[in-house]
Amino acid sequence: STLKRVLWPQIILFGDSITQFSFQANGWGSDIAHKLARKCDVVNRGLSGYNTRWAKVVLPRIVPASDAPIAAVTVFFGANDCALEDKNPQQHVPCQEYSDNLKDIVGHLVSVGVSKDKIIFITPPPLQEAAWEKECFLKGSALNRLNSVAGQYAQACVQAAGQCGVDVLDLWTLMQKDGQDFTVYLSDGLHLSEKGNQFVAEHLWTLIERRGAALPFILPYWGDVDPKSPESSLLCD
């Protein structure tokens, strides 16, 4: 008889470069993956430079209807959508469209069987303009994002989450809470530093934990394997 394949449930991290880079050493994605080893696969589907307009188009190719059980999906866009239209028209998406796109992303996920209680929005983090201006200057362009505008998109993300009935992690607000210095959370004004990765990992874990806690440990603990007849332990469901 053919052996039944062991299916690891998946947590899909869907977003832009802040998600793509999350598997680096001490990244927020690797932290979540480490905590959930033997319970589920944490899958990095971060697409550097992407906005929600493009994300919405590719999502059906990334998360089609399939039998793989999905434990959670993070949707982490906005850092590119909020680029200023006159300085960066290529990535910019108007705020209302951004909000509609997030709702469409939820619509697709629900249509392929991912229930709303498994979806978590993450807002763009705050932007440190002075540091990001230097990065822009090195690439030969003017400052193309503003923290106040990132805040408008973060607010739109929180509202869209409320309207869709999904969870949201409001990084923009949390990182600036009580007037704290949020610049320590950023490496270049836009992307996360090691401290920023740690911050995201800690806050996201509180939301992921209750979705991951119920997941069973996959395959028997080694101490429970019968040494005389390992097959009897390892081949049963």
Side-chain angles (χ1 to χ4, degrees), residues 3-48 50 55 58-59 61-77 102 105-106 108-110 112-125 157 161 164-171 174-175 185 191-225 233-237:
L3 288 175
K4 193 168 158 234
R5 184 182 162 201
V6 180
L7 272 186
W8 262 251
Q10 290 188 329
I11 288 182
I12 298 168
L13 310 181
F14 185 47
D16 53 34
S17 60
I18 304 176
T19 297
Q20 185 178 317
F21 304 156
S22 75
F23 271 28
Q24 64 197 2
N26 304 309
W28 62 269
S30 15
D31 185 85
I32 302 283
H34 170 66
K35 286 193 168 93
L36 289 171
R38 276 299 270 286
K39 287 193 156 202
C40 74
D41 284 338
V42 177
V43 182
N44 186 332
R45 294 292 179 264
L47 304 161
S48 180
Y50 275 51
V58 296
L59 182 60
R61 303 183 65 190
I62 290 174
V63 188
S66 80
D67 341 331
I70 291 176
V73 179
T74 59
V75 179
F76 191 176
F77 288 96
L102 288 174
I105 285 169
V106 171
H108 170 73
L109 291 170
V110 169
V112 295
V114 180
S115 55
K116 286 183 177 181
D117 61 323
K118 293 180 173 163
I119 302 169
I120 301 166
F121 283 179
I122 306 175
T123 75
C157 179
C164 290
V166 302
D167 258 334
V168 63
L169 175 56
D170 183 358
L171 287 184
L174 280 172
M175 284 182 168
Y185 299 130
H191 300 96
L192 300 174
S193 63
E194 194 165 318
K195 259 205 159 120
N197 271 284
Q198 210 177 346
F199 185 96
V200 174
E202 277 169 26
H203 286 84
L204 184 58
W205 181 243
T206 57
L207 296 175
I208 295 256
E209 191 176 13
R210 60 171 189 265
R211 293 165 173 87
L215 294 170
F217 192 69
I218 296 173
L219 293 172
Y221 172 66
W222 74 268
D224 295 335
V225 175
S233 312
L234 301 176
L235 298 182
C236 61
D237 286 325

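Worth saying up front: this structure is predicted, and the values here are computed from it rather than measured. Side-chain atoms are counted along with the backbone in the values below, which use heavy atoms only and exclude waters and symmetry mates.
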Evaluate the side-chain contact (heavy atoms from CB on, under 4.5 Å) criterion for residues Val110 and Lys116: first the C-alpha distance (whole Å), next the side-chain angles of each, then the deciding distance (0.1 Å), finally the verdict. CA-CA 7 Å; Val110 169; Lys116 286 183 177 181; 3.8 Å; yes
Compare every heavy atom of [Y] with every heavy atom of [X], then report the nearest pair and how far apart it is.
X: His108; Y: Val63; value: NE2-O, 2.8 Å
X: Cys236; Y: Ser233; value: SG-O, 3.3 Å
X: Gly29; Y: Val42; value: O-CG1, 4.2 Å
X: Ala201; Y: Ile32; value: O-CD1, 4.1 Å
X: Leu234; Y: Pro220; value: CD2-CD, 4.1 Å
X: Pro125; Y: Met175; value: CB-SD, 4.0 Å

When you measure from the side chain of [X] to the backbone of [Y], do you find a donor-acceptor pair of N or O atoms at a distance under 3.5 Å?
X: Ser30; Y: Gln24; answer: yes
X: Trp8; Y: Ile218; answer: no
X: Arg45; Y: Thr19; answer: no
X: Thr74; Y: Ile120; answer: no
X: Arg211; Y: Asp117; answer: yes
X: Ser193; Y: Tyr185; answer: yes
X: Asn44; Y: Gln20; answer: yes

Look up atom [atom1] in [X] and atom [atom2] in [Y], then write down how far apart they are to the nearest 0.5 Å.
X: His203; Y: Asp170; atom1: NE2; atom2: CG; result: 10.5 Å
X: Phe77; Y: Phe14; atom1: CZ; atom2: CZ; result: 4.0 Å
X: Leu174; Y: Leu169; atom1: CG; atom2: CG; result: 6.0 Å
X: Phe121; Y: Ile105; atom1: CZ; atom2: CD1; result: 7.0 Å
X: Leu47; Y: Leu59; atom1: CG; atom2: CG; result: 10.0 Å
X: Ile119; Y: Leu102; atom1: CD1; atom2: CG; result: 11.0 Å

Please step through side-chain contact (heavy atoms from CB on, under 4.5 Å) for the pair Thr123 and Val168, ending with a clear verdict. CA-CA 7 Å; Thr123 75; Val168 63; 4.0 Å; yes
Close side-chain approach of Val75 to Val166, heavy-atom, < 4.5 Å: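 They are not in side-chain contact.
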Residue pair Val73 / Lys118, side-chain heavy-atom distance below 4.5 Å: no
Would you check, one step at a time, whether the test side-chain contact (heavy atoms from CB on, under 4.5 Å) holds for Asp31 with Glu202? CA-CA 9 Å; Asp31 185 85; Glu202 277 169 26; over 6 Å; no
Is it the case that more than 12 heavy atoms not belonging to Lys195 sit under 6.0 Å from its NZ atom?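 12 or below, so no.
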Step-by-step side-chain contact (heavy atoms from CB on, under 4.5 Å) determination, Ile12 to Ile70: CA-CA 8 Å; Ile12 298 168; Ile70 291 176; 3.8 Å; yes
